[in-house]
Asks: 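First, the structure itself, so that you have it in front of you.
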4 protein chains.
Amino acid sequence: MPKHEVKSTVKDEELVQKRREQISRGAVKLFIDKGFHRTTTREIAKEAGFSIGTLYEYIRTKEDVLYLVCDNIYNEVKFRLSELDNNDNTVEGLRVAIARYYEVIDQMSDEFLVMYQESKSLPNEALRYVLTKELEMVEQFEIIIRKCMEAGNLHIGPDEVSLTAHHILVSGQMWSFRRWALRKQYTLQRYTKIQTDLIIKGVEK
Amino acid sequence: MPKHEVKSTVKDEELVQKRREQISRGAVKLFIDKGFHRTTTREIAKEAGFSIGTLYEYIRTKEDVLYLVCDNIYNEVKFRLSELDNNDNTVEGLRVAIARYYEVIDQMSDEFLVMYQESKSLPNEALRYVLTKELEMVEQFEIIIRKCMEAGNLHIGPDEVSLTAHHILVSGQMWSFRRWALRKQYTLQRYTKIQTDLIIKGVEK
Amino acid sequence: MPKHEVKSTVKDEELVQKRREQISRGAVKLFIDKGFHRTTTREIAKEAGFSIGTLYEYIRTKEDVLYLVCDNIYNEVKFRLSELDNNDNTVEGLRVAIARYYEVIDQMSDEFLVMYQESKSLPNEALRYVLTKELEMVEQFEIIIRKCMEAGNLHIGPDEVSLTAHHILVSGQMWSFRRWALRKQYTLQRYTKIQTDLIIKGVEK
Amino acid sequence: MPKHEVKSTVKDEELVQKRREQISRGAVKLFIDKGFHRTTTREIAKEAGFSIGTLYEYIRTKEDVLYLVCDNIYNEVKFRLSELDNNDNTVEGLRVAIARYYEVIDQMSDEFLVMYQESKSLPNEALRYVLTKELEMVEQFEIIIRKCMEAGNLHIGPDEVSLTAHHILVSGQMWSFRRWALRKQYTLQRYTKIQTDLIIKGVEK
DNA sequence: AATGAATGAGCCTTCATTCAT
DNA sequence: GATGAATGAAGGCTCATTCAT
């Protein structure tokens, strides 16, 4: 799946990166606050620190901004999770990976919300690209789980690998989606412990 | 939490109910297709079968329509789940309840998606009301779980009751949110079996 | 060639006709003054006597307005020329027809200018429709000329019929296009006499 | 009428000429294709082969480009017609001049169209200058006609001289404006013959 | 109670022009 | 002299909402 491309009239590639960073950073704030549809391009430009004309030197449509935002969040998540790519094939390694993932979500809770609530507004091609990235994250956990299995540290039906991976992601998203309910009752640490136990005991023989 | 009230200029309460039913039924279709923001009030009126003027005799703002839709979906879900309110305190009863819930979600998948993706656009008061309903559903499962526990059929820490209930809801929503990925690999039956085992084995001693 | 259709959201067909009349009448004034591109839709609405929103109940794009204007002018011209459709097969009858045509152009000089200078901005389909109408006018004169020939009152090669008809139209348009130069030196009457002589003597044996 | 002046910040007069040549040459292409209003200054700069900033070193406004284009076309036409300035006072000489003029138009048909359809967008002063040039061309033909008359080769009322000259120009423009209709029926040669006969027989005793 | 024409604030986007480098 | 990033006024168009009939 090729990266969805956002056209810019500006030639200096470095500047384009910098400006898009500004756009994305500003837009998330606004999207968190009012959602994609209620945010105007003028507000986005203002928040990014330049004029509406300049904004449109770096994007072609408002939807491009949404894509930029989603793309940035994913890359950030991926980057933060990349450190997990260790070779610890124990269940403990899995636990750590899950915990790390929850942490990332906890820190980027707002961004997650935006991404999941607004990505449906992406144009088709961009949406497919984002879904691909989502699958990549599922795969990342599938790999970790399989390594545990191959090392004989986890016993689990082959059908359940994918489901468990999905489940890890979803339980993480739950911490973001339902924080209005969950944070009244649980700390991140407690939530992590309970969920991880649920997942791992659930799949263990 | 009092029900969020939608003002109408029409006196005949029965007619109001009937018309709102029409509005909601038509609007869901549109929201499923294009989302709340991309759907116009004119389209809603047309789908409902009457004029834009008439639409505004039964609602005050477009957001009222969204509320009507969310409210209707919740009521439908609640109604379908109400049959579960039995006194079967066995783990098997819990299994059946979960399965029933998944079934409902499977049948109303589109409506679920709408509700969860668009409810953030509700005005504050209405949003709170909807969240309340969500919590009521969590509670419904908490009650079933507690009954199992009190009957000695399930052993589980007190902290985990609420979380397990949330978990049931979320795993159900997952079937709706991630159908693009999950339905390629699982049937509803298989999904139900695996998830239920996960949940129940996870919480059992 | 089917009439190019302009969509309207308003159902009352009579009202649509009335409003479009208003739009066209107002728009010509503005187009005469500033041309199509320099006229804004807001100005068109204001000149027509209603709000921008109302304007867009009767057209879909700004180009529709241009089409309305061109269509109206053509119909007006055609209506005014329709009285010529007599059965006078003499050269005198041709003279009268030409004179009548020049008169119409003289009275609608501004409208003519607009039509010929702006019609290139019409969307393709509408442009073709307008050209068709132009050809119909050529044909109208061809018919009159042929009748003269068949009655033995005019002798002219078959190839030259069409060209003479075009020539009549163009010499008429010349009175509109070059008025800045011609009106200094000629009255309409004098211009008509000279041109007609030129045309008729030119084609006569 | 003094030549309309286009200001430039660049001192080197030779460079200015060269650059403006580039601008004009590129712009005609674009104007032919999309018209003056739909062509952007960026496109003009690109087509000319340099940056938008550089473009504005040689013009002050977009309208200056239009003026440059119109001026260039006129000069080209004038240059091509200058060879006609012979001393052949026969009717044959007039025929040749007309034929030569039609040829030029046939070759520069697109440019003609641009000039006549877009010159109304020129600022007032520039428009007057262009009209002056148009009159100069009329005069050029008037002179040829008068020479024929004085040599006793053509008999024509004094009033008709100017009109005939105008007519020659307009019949030439007609070949450009109405090519969509005329070229289906006539070759340039045939068109030239018929039109010239019409003009000359028409004015001859 | 129903209709649908009218309204206008406000949105996204373009593009001529400027100016610091 | 050349460049191209920045600007913001202005344009076309939409759509939630109202109100006279």
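A, B, ... follow the sequence lines: proteins, then strands. Residue 1 opens every chain.
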Asks: State whether F36(B) and K62(B) meet the cation-pi test: NZ (Lys) or CZ (Arg) under 6.0 Å from the six-membered ring centroid, and within 45° of the perpendicular axis.
Replies: yes
Asks: If you check every side-chain atom of S51(D), which of dG8(F), dT3(F), dC11(E) has the closest atom?
Replies: dT3(F)
Asks: Do any side-chain nitrogens or oxygens of T54(C) fall under 4.0 Å of OP1 or OP2 in dA5(E)?
Replies: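 Result: no.
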Asks: Quick check on DNA chain E: between V10(B) and L15(C), whose nearest nucleotide comes earlier from the 5' end?
Replies: V10(B)
Asks: Please answer whether the main-chain N or O of T61(D) pairs with a side-chain N or O of D64(D) as donor and acceptor at a distance below 3.5 Å.
Replies: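 Side chain of D64(D) to backbone of T61(D): a pair is present.
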Asks: Any N or O donor-acceptor pair linking the side chain of R38(A) to the base of dG10(E) at under 3.5 Å?
Replies: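 Side chain to base: no pair below 3.5 Å.
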Asks: Regarding Q22(A) and R25(A), is there a side-chain donor-to-acceptor distance under 3.5 Å anywhere?
Replies: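 Looking only at side-chain atoms, R25(A) and Q22(A) do not form any donor-acceptor pair under 3.5 Å.
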Asks: Quick one: do E43(A) and R38(A) make a salt bridge, cutoff under 4.0 Å?
Replies: no
Asks: On DNA chain F, does the nearest nucleotide to E57(A) precede the nearest nucleotide to F36(B) from the 5' side, or the other way round? Give the residue.
Replies: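 Comparing both residues, the 5'-ward one is E57(A).
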Asks: Out of dA5(E), dG12(F), dG8(E), which has the shortest distance to the side chain of I52(B)?
Replies: dA5(E)
Asks: Has R20(C) got a side-chain atom pairing as donor or acceptor with V6(C)'s backbone, closer than 3.5 angstrom?
Replies: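 Such a contact is found between R20(C) side chain and V6(C) backbone.
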Asks: When you measure from the side chain of T41(C), which nucleotide among dG12(F), dA2(F), dA6(F) comes out closest?
Replies: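 Output: dG12(F).
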Asks: Rounded to the Å, how far apart are K34(B) NZ and dC15(F) P?
Replies: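 Checked: the NZ to P distance equals 8 Å.
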Asks: Roughly, in whole Å, what's the span from NE2 in H37(C) to P in dT14(E)?
Replies: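 Rounded to the whole Å, the gap is 16 Å.
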Asks: Looking only at side-chain atoms of K11(B), point me to the closest of dA1(E), dG4(E), dT14(E).
Replies: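 Closest of the options to the side chain of K11(B): dA1(E).
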Asks: Can you tell me if Y56(C) touches the phosphate of dC13(F), counting only side-chain N or O atoms and a distance under 4.0 Å to OP1 or OP2?
Replies: yes
Asks: Want to settle it: does G49(C) or G53(A) sit nearer the 5' end of DNA chain E, counting the closest nucleotide to each?
Replies: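 Looking at DNA chain E, the more 5' nearest nucleotide goes with G49(C).
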Asks: Considering only side-chain heavy atoms of F50(C), which listed nucleotide, dA6(E), dT7(F), dT7(E), is closest?
Replies: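 Looking only at side-chain atoms, F50(C) lies closest to dT7(E).
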Asks: Want to settle it: does I59(C) or T61(B) sit nearer the 5' end of DNA chain F, counting the closest nucleotide to each?
Replies: I59(C)
Asks: Would the base of dG12(F) count as contacting R42(C) through its side chain, where contact means a donor and an acceptor less than 3.5 Å apart?
Replies: yes
Asks: Would you indicate, yes or no, if dA6(F) has its OP1 or OP2 atom less than 4.0 angstrom from a side-chain nitrogen or oxygen of R19(A)?
Replies: yes
Asks: From the list dA5(F), dA5(E), dT17(E), which nucleotide is the closest neighbour of the side chain of K62(D)?
Replies: dT17(E)
Asks: Could you check whether T39(B) gets within reach of a base, just the sugar-phosphate, or nothing at all, counting any heavy atom under 4.0 Å?
Replies: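 Sugar-phosphate, backbone atoms only, no base.
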Asks: What is the pairing partner of dT7(F), taking Watson-Crick or G-U wobble pairs with both distances under 3.5 Å in any strand?
Replies: dA16(E)
Asks: Any idea which of dA6(F), dA2(E), dT3(F) is nearest the Y58(B) side chain?
Replies: dA2(E)
